[in-house]
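What follows is one structure encoded as structure tokens, with my remarks underneath.
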Amino acid sequence: MALRSGCTAVYVAFYFVFTTLVNFTLVSPVSASANALSLLQPYDFLYYSGVRAYFGGEWGRAAELLEKSVATKELLFRVRRQCYDDCVAAGKEALHKLDSEEGSTWDLWALDWMQQKAECMRFCMGRSVTPAGQLPVSTDIEYEFGSRNPYNFLQVTYYKLGKLQKAASAAHTYFVANPSHLEMRNNIEKYRRMEGVTEEAFQDREIENEKHWALYDSAVQHEASSDWAQAAEKWKACVNETLRQTDECRVQCEVAFQRLPEDRGVDTVDGAYEKAADLSLSLLSCRQDCVTQIATRPGRISAQEDFLPSQLEHLHIAQFKAGDISGAVQTLRSLLLFYPSDKDSLDNLQLYSETLGGDTESQGLQPAQEIVRYVSRSLQEKKLLYFGMENLDFSFIDPDLWTPEDVVPESLRETWRAEKEKMNDKFKAGEQQEDVDDSGFFAGGAVPQVGVTIAMDDVVLNGTNRVVLDGVMTEKECGKILQLAAAAASAGDGYRGRRSPHTPHETFEGLTVLRAVKLAQDGMVNQSDAKLLHELGERVRVLLHSYFRSPSGLFISFTHLVCRSAIAGDQEGRLDLSHPVHVDNCLLEPETKHCWKEPPAFVHRDLSAILYLNDNFDGGELFFTNRDAKTITARVKPSCGRLVGFSSGPVNPHGVTAVTSGRRCALALWFTKEKLYRDMEREEAENIWAADGQSVVKKDKEEGEGSAARNARSQAPKERGRGRGTVTGGRDEL
């Protein structure tokens, strides 16, 4: 349908009035003859019923209802898609007249077309879905299913029922979207060793909805091994699957129930036009948001910027290196639809043309038609949305970096440029060189403690803001803290009592300063040992504050005495790590080398440290890597009094090798520049001593007196409705 000049406002109001009609008609009662039992029920009701059965210990019923909720959601989406396809032809005759009719009847033909499509959708949906099942679900339910929490419940349910194959499958499916869930990772390791559980169980049950990510990862792997033919094949499949998933998402926007905009208090007939315009713009915004949804990995909050264009860039390079020059030319021309003036792309096109020589047919290849349609449709939608922003006070966030400036009205361009600059900065931040550290720390300062020496610096450790200091503790002090750990450390401390939170081949024990002080009060441990544990935190803070030349105050955020012990007889053939590679204040994504500073990461951490207590064990070395989590850049062997300090951000991914024999003990510490996130347990311990008339070093508190704040560990960013099934109290020990 042609968009008439001068009619944009009318078009926006009418373009999807159809949606308004659908929303009023989809939930009308079905005919009395319909068998209600055969219709799809609300999947949120099924889910809540399954959760209630779960907490009631009705394992069989819980499994049945939870599985039915997952299946019903999938079926609902399929029904919507089928109804959409079936109703595409509805009102075709009216649509033809709408494209050619002049004068006062134009709006009537528009309504005729919309009403016919609405009636078709009402009838089609009513045949398969109950009226309640057609209503929108809450944002909490959207999050539960988006984070795959039904599989978290199913994993436990099937385990209770003794159906281990199904339990393993549910555990794996949940873990794909929650890779930082340490308990689930351990469960999966246990399932692998259980009799009757085969490798076929460890398949992602949601793979059909995330197939583009599986293809993406496969393409990256083939690139890494320089298998360019396979890489090109996978990238092409990834592009096609991304387009298909985007189309599915867009269809759901149009067919799913849309909430009507809030009443602006307009009593005249114009109020209907405003609501129709708002609803149509909301629909267009939903379609545009599909770009973000499809570009967001399971378990992630932030999308991968420029997702489709970046795939095309990978594809044309892989095609060229695989010898498919004609394919590379077509793909590159497709990429130029997004960035028509990109110098690198234009240079590559010239190179490809020269390589082809006299092959004029290949040189004349045009962009892929599906990409042409994608870009053309997206630009038209953006024009309407920006029109709504300028004239109808509509709010829209453009998901794309490639949007050309001429699409944006002049009055909005200054704001648009500022927003685009922010997006570009964010995108570039993920591609910064790995030796760039914006933490504000500058290694190389003085070491103020007598007897402490610099054993390894940035150069030796092959990184940025890293240091190893020796002589921070004496042998006697190491012995006292080891004795304290042996007497008071509790299994799974900080991990809800789980004895093996990081690996099933080791046990984990921990002790906090506050608990040590309380035990000392009760006469369970020596008071002097508890005080030494407290004082060591301040000793490390002073050393690192000086060495890293922090321009602002530095506060202890958390102190944890931790011991990892190898489980005898369970080390043969071991391939895992004592602690997997991670970054302390962001979520590392090795495939893209991005590190997302968002929950559940401890984003307030600025500086990390580990103070070793012994070396009479095998393994347990700290190692640093690049952001790929594979390329090891440095290793540090523990010994009594050795301190490792480093900035907590993405320049310092690190892990711990397996402890294969013995017991490795160390003091893990984190520091923050923000007083809000200081460790309130330390202050509570100091107050206990003060009440008993005992003195204690309190320098890091004196750096900034103020009102009491909550324990820093409770300050990690949280989001509403995200508590169930996620690990929020993990210490993430070094």
Locate the shortest heavy-atom distance separating [X] from [Y]; write the atom from each residue and the value.
X      : Y      : answer
Cys478 : Gly641 : SG-N, 3.6 Å
Gly553 : Ser550 : O-OG, 4.4 Å
Ala685 : Val517 : CB-CG2, 3.7 Å
Arg605 : Ser648 : O-CB, 3.7 Å
Pro653 : Val581 : CB-CG1, 4.0 Å
Pro638 : Arg664 : CG-NE, 4.3 Å

- Glu681/Arg515 ion pair, N-O < 4.0 Å: no

- Under 4.0 Å between a Lys/Arg side-chain N and an Asp/Glu carboxylate O for Arg148 and Glu206? no

Sequence neighbours left out, what passes salt bridge (charged side-chain N to carboxylate O under 4.0 Å, His left out) with [X]? Give chain and number order.
X      : answer
Arg539 : Glu477, Glu535
Lys480 : Asp529
Arg52  : none
Glu195 : none

Would you mind reporting whether [Y] and [X] have side-chain heavy atoms less than 4.5 Å apart?
X      : Y      : value
Asn652 : Thr464 : no
Thr660 : Asp618 : yes
Asp628 : Lys593 : yes
Val540 : Phe671 : yes
Met473 : Leu613 : yes
Gln165 : Tyr158 : no
Val51  : Phe153 : yes
Thr625 : Thr633 : no

With sequence neighbours left out, what residues match [X] under side-chain contact (heavy atoms from CB on, under 4.5 Å)?
X      : result
Glu58  : Ala53, Arg61
Phe202 : Ala168, His172, Ile188, Tyr191, Arg192, Val197, Glu199
Val525 : Leu484, Ala487, Ala488, Leu519, Ala520
Asp470 : Thr453, Ala455, Val468, Arg642

- Item | Nearest-0.5 Å distance, CG of residue Leu511 to CD1 of residue Ile481 | 9.0 Å

- Item | Counterpart residues, ring pair (Phe, Tyr, Trp, His ring centres under 6.0 Å), relative to Phe624 (two or more places apart) | Phe646

- Message: Using the ring pair (Phe, Tyr, Trp, His ring centres under 6.0 Å) criterion, which residues pair with Tyr159? Sequence neighbours excluded.
- Response: none

- Within a reach of under 6.0 Å around CE of Met524, are more than 12 heavy atoms found that belong to other residues, nucleotides or ligands? no

- Task: Would you confirm whether Asn187, through its side chain, and Lys190, through its main-chain N or O, come within 3.5 Å as a donor-acceptor pair?
- Result: no

- So Tyr48 and Glu144, side chain to side chain contact (heavy atoms under 4.5 Å, CB included) or not? Walk me through it. CA-CA 11 Å; Tyr48 282 133; Glu144 289 289 293; over 6 Å; no

- Evaluation steps, side chain to side chain contact (heavy atoms under 4.5 Å, CB included), between Arg205 and Tyr151: CA-CA 9 Å; Arg205 290 179 52 179; Tyr151 295 101; 3.6 Å; yes

Scan side-chain atoms only and decide if [X] and [Y] contain a donor-acceptor pair under the 3.5 Å cut-off.
X      : Y      : answer
Asp437 : Ser439 : yes
Ser608 : Asp584 : yes
Glu506 : Ser565 : no

- Message: Applying side chain to side chain contact (heavy atoms under 4.5 Å, CB included) to Arg682 and Glu538, what does each step give before you reach the verdict?
- Response: CA-CA 10 Å; Arg682 288 180 65 85; Glu538 175 62 18; 4.3 Å; yes

- Message: Taking side chain to side chain donor-acceptor pair (under 3.5 Å) as the definition, give me every residue that meets it alongside Tyr547, ordered by chain and number, with sequence neighbours left out.
- Response: none

- Partner residues of Glu674 under the side chain to side chain donor-acceptor pair (under 3.5 Å) criterion, sequence neighbours left out: none

- Message: Let's go through Met456 and Arg466 carefully: what are the C-alpha distance in whole Å and the side-chain angles of both, what is the deciding distance for side chain to side chain contact (heavy atoms under 4.5 Å, CB included) to 0.1 Å, and is it a yes or a no?
- Response: CA-CA 8 Å; Met456 305 171 79; Arg466 302 173 180 174; over 6 Å; no

- Task: For the pair His594 and Trp596, name the ring-plane relationship: parallel under 30°, tilted 30 to 60°, perpendicular over 60°.
- Result: parallel

- Query: Stepwise, does the ring-ring contact (aromatic ring centres under 6.0 Å, His included) test hold for His604 with Trp670?
  - Reply: CA-CA 10 Å; His604 59 274; Trp670 291 272; 9.7 Å; no

